[in-house]
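Notes to accompany the following structure.
What's counted below: heavy atoms across the whole structure, side chains too, no hydrogens, waters or symmetry copies. Convention: sequence-line order gives letters A, B, ...; per-chain numbering from 1.
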There are 2 protein chains.
Amino acid sequence: MASEKTIGRLTLYRRILNETVLEGIESIHSHTLAAKAGASSAQVRRDLMEIGYVGHSRRGYDVMGLIESLREFLDAPGGQGVALVGVGNLGRAVLAYFAGRRPSLAIRAAFDVDSQKVGRVVHGCRCWPMDKIEDVIAEEQITTAVIAVPVASAQDAAERAIRGGVRGILNFAPVPLDLPEDIHVENIDMGMALEKVAYFSRADQTTDQTT
Amino acid sequence: MASEKTIGRLTLYRRILNETVLEGIESIHSHTLAAKAGASSAQVRRDLMEIGYVGHSRRGYDVMGLIESLREFLDAPGGQGVALVGVGNLGRAVLAYFAGRRPSLAIRAAFDVDSQKVGRVVHGCRCWPMDKIEDVIAEEQITTAVIAVPVASAQDAAERAIRGGVRGILNFAPVPLDLPEDIHVENIDMGMALEKVAYFSRADQTTDQTT
DNA sequence: CATTGTTTGTGAAAATTTTCACAGACAAAT
DNA sequence: ATTTGTCTGTGAAAATTTTCACAAACAATG
Ligand SMILES: NC(=O)c1ccc[n+]([C@@H]2O[C@H](COP(=O)([O-])OP(=O)(O)OC[C@H]3O[C@@H](n4cnc5c(N)ncnc54)[C@H](O)[C@@H]3O)[C@@H](O)[C@H]2O)c1
Ligand SMILES: NC(=O)c1ccc[n+]([C@@H]2O[C@H](COP(=O)([O-])OP(=O)(O)OC[C@H]3O[C@@H](n4cnc5c(N)ncnc54)[C@H](O)[C@@H]3O)[C@@H](O)[C@H]2O)c1
């Protein structure tokens, strides 16, 4: 029911609320959360409607309660495992970034063809050879894979991860993957993103002129 | 006039066409390009309408001509410079990735507070101390900045880049930046992306059931 | 206890984006 | 020369997403 855009914003709200709670703030208004998230207050209220969390008129939303409600909505009950395929420049940065960050959504295994990388433990994550990928993913009940291999290997890497049991893919290789419809693919294409920013950085391309 | 989404797809089409031309293919139909881009043929035609490129009925689009037309539309006439702020794990991966890739949109300078990094040349890019950022960006006429510093420094880094003359920012720090409206900000939030994929990876959350 | 002012939840409107569907173009075949 | 089949360009419809705007709720104030 909730759209992809809504899910993205909900995760953002959660991150903001986690900071808010550290400041000792107990309740928050839709317009405050909106300002911190760069959205409109109506948008925030709509999004929270989606998860069925109700606030109090005049007092806003209970921060702790909302965080808990977001957790129930967004997270898998028993936690979810993630696999990383490709322990190169980007893969290592990703491992460093996610290490220890969110135990219920952690990178549990890494895979690479390079025998130099296989067997090593990078940021607490074991690196396996590619021919073990299906077995390890199945054994660890991993549902999500991050693809950080060269373009030429991305399609194959994704297919093998799926054969192991993966249902969703975060793809950094700048190539559209051709996968079954029921597999959720999220592409992060840095080249595209940089070109977009560059386009709108040009003086003649004002994103939006709300005079 | 062209929306942000359209610009994103146009850069994708260009990448696909660059591969197409290497295969010696001289013209391409909207549905072929669409299949490679993961879009619909109507979408492709709409997007190309935006740049005013006209195809031939029955023959499709001339690959070389379309690439040239996309170049004129997307690229700044004299090329554009990019700055990288933060030469950490992610910053170095980004430098490696963009090095030599697209001369007309290259990372021309990097900045960091760490004296260990300052002065070094990473993947052909010189690393400057942060107190030179405004001068170097102004001197090199850099229009776009990539922010890869810790969350706590991201807002400040962006503001300083803008003071140097930057008009668009590609932000990897998972925090919404509060910047003037005329600055274009593109956020790449890997944590959000991973949580989204994980959400849709769950068996009970089928993205869309088009039976 | 009534009043005031603020905030939620949500129908409805507006805006944006995508898809449909078909007239017109035209290469290829006969 | 005519027919055939396919592809473009685009107006219009459909779908999706966002914003508007207001009744209902209710804490705070007097
Ligand atoms: N580095 C970046 O910042 C960056 C940015 C955007 C996109 N990307 C994309 O991410 C991917 C990885 O980039 P990178 O810079 O880390 O490259 P890299 O060359 O540093 O690393 C690639 C890794 O994948 C491994 N590998 C190669 N083939 C494999 C296979 N078939 N199966 C498993 N592992 C395999 C290699 O051994 C290496 O460790 C590429 O597709 C690249 O286009 C990278
Ligand atoms: N590593 C990843 O894959 C990854 C993924 C997603 C998001 N991020 C985000 O990207 C940013 C960088 O991540 P990282 O993993 O490269 O971190 P890192 O700690 O490896 O690198 C940060 C770099 O920024 C420099 N720095 C610190 N303060 C600075 C300042 N005020 N001005 C200039 N430079 C400064 C540091 O010296 C260091 O070189 C962070 O905001 C992180 O949340 C990283």
Study note, to complete from the structure: Whole-Å distance, A:Tyr53 OH to C:dT8 P, equals 12 Å
Review point. Mapping A:Arg9 and B:Ser30 onto DNA chain D by nearest heavy atom, which one lands closer to the 5' end?
Key: B:Ser30
Check your understanding: Does any non-hydrogen side-chain atom of B:Leu66 lie less than 4.5 Å from one of B:Arg14?
Key -> no
Review point. Going by an N to O cut-off under 4.0 Å, is there a salt bridge joining B:Asp135 and B:Arg163?
Key: no
Review point. With respect to the phosphate group of C:dT19, does any side-chain polar atom (N or O) of B:Ser40 fall under 4.0 Å of OP1 or OP2?
Key: yes
Revision key, fill the gap. Out of C:dT17, C:dG5, D:dT8, minimum distance to the side chain of A:Arg58 belongs to C:dG5
Exercise for review: Name the closest nucleotide to the A:Ser57 side chain, picking from D:dT17, C:dT8, C:dG9.
Suggested key: C:dT8
Review point. Side-chain donor-acceptor pair under 3.5 Å between B:Arg59 and B:Ser27, yes or no?
Key: no
Exercise for review: Would you mind reading off the distance between B:Met1 atom CE and C:dA15 atom C1', rounded to a whole angstrom?
Suggested key: 13 Å
Practice item. Report which part of the nucleic acid B:Ser41 touches: base, sugar-phosphate, or nothing (heavy-atom distance under 4.0 Å, all strands). Key: nothing
Study note, to complete from the structure: Among the nucleotides C:dG9, C:dC20, C:dT7, whichever has the atom closest to the side chain of B:Ala42 is C:dC20
Practice item. Check the side chains of A:Thr6 and A:Glu50 for a donor-acceptor pair under 3.5 angstrom, ignoring hydrogens and angles. Key: no
Study note, to complete from the structure: By nearest-heavy-atom nucleotide on DNA chain C, the more 5' of B:His56 and A:Val54 is A:Val54
Exercise for review: Without swapping roles, check the side chain of B:Asp47 against the backbone of B:Ile51 for a donor-acceptor pair under 3.5 Å.
Suggested key: no
Review point. Looking at C:dT7, C:dA25, D:dG9, which one has an atom nearest to any side-chain atom of B:Tyr61?
Key: D:dG9
**Study point:** For atom CG of A:Leu66 and atom P of C:dG9, their distance in whole Å
**Key:** 10 Å
**Study point:** Nearest-Å distance for atom pair CG/P, residues B:Leu48 and D:dT8
**Key:** 9 Å
Check your understanding: On a plain distance test, is the side chain of A:Arg46 in donor-acceptor contact with the base of D:dT18 below 3.5 Å?
Key -> no
Revision key, fill the gap. note: A:Arg59, atom CZ; C:dT6, atom C1'; distance rounded to Å ~ 14 Å
Check your understanding: Rounded to whole angstrom units, what separation is found between the CG atom of B:Asp62 and the P atom of D:dT8?
Key -> 13 Å
Revision key, fill the gap. When rounded to whole Å, the CD to C1' distance for the pair B:Glu50 and C:dT16 reads 13 Å
Study note, to complete from the structure: Closest to the side chain of A:His29, out of D:dT17, D:dA28, C:dT8, is C:dT8
Check your understanding: Closer than 4.0 Å, any side-chain N/O of A:Gln43 to the OP1 or OP2 of D:dT17?
Key -> no
Check your understanding: For A:Arg45 and A:Ser3, take the nucleotide of DNA chain D holding the closest heavy atom to each; which residue's nucleotide lies nearer the 5' end?
Key -> A:Ser3
Point to revise | Nearest-angstrom distance from the residue atom CG of B:Asp47 to P of C:dT17 | key: 11 Å
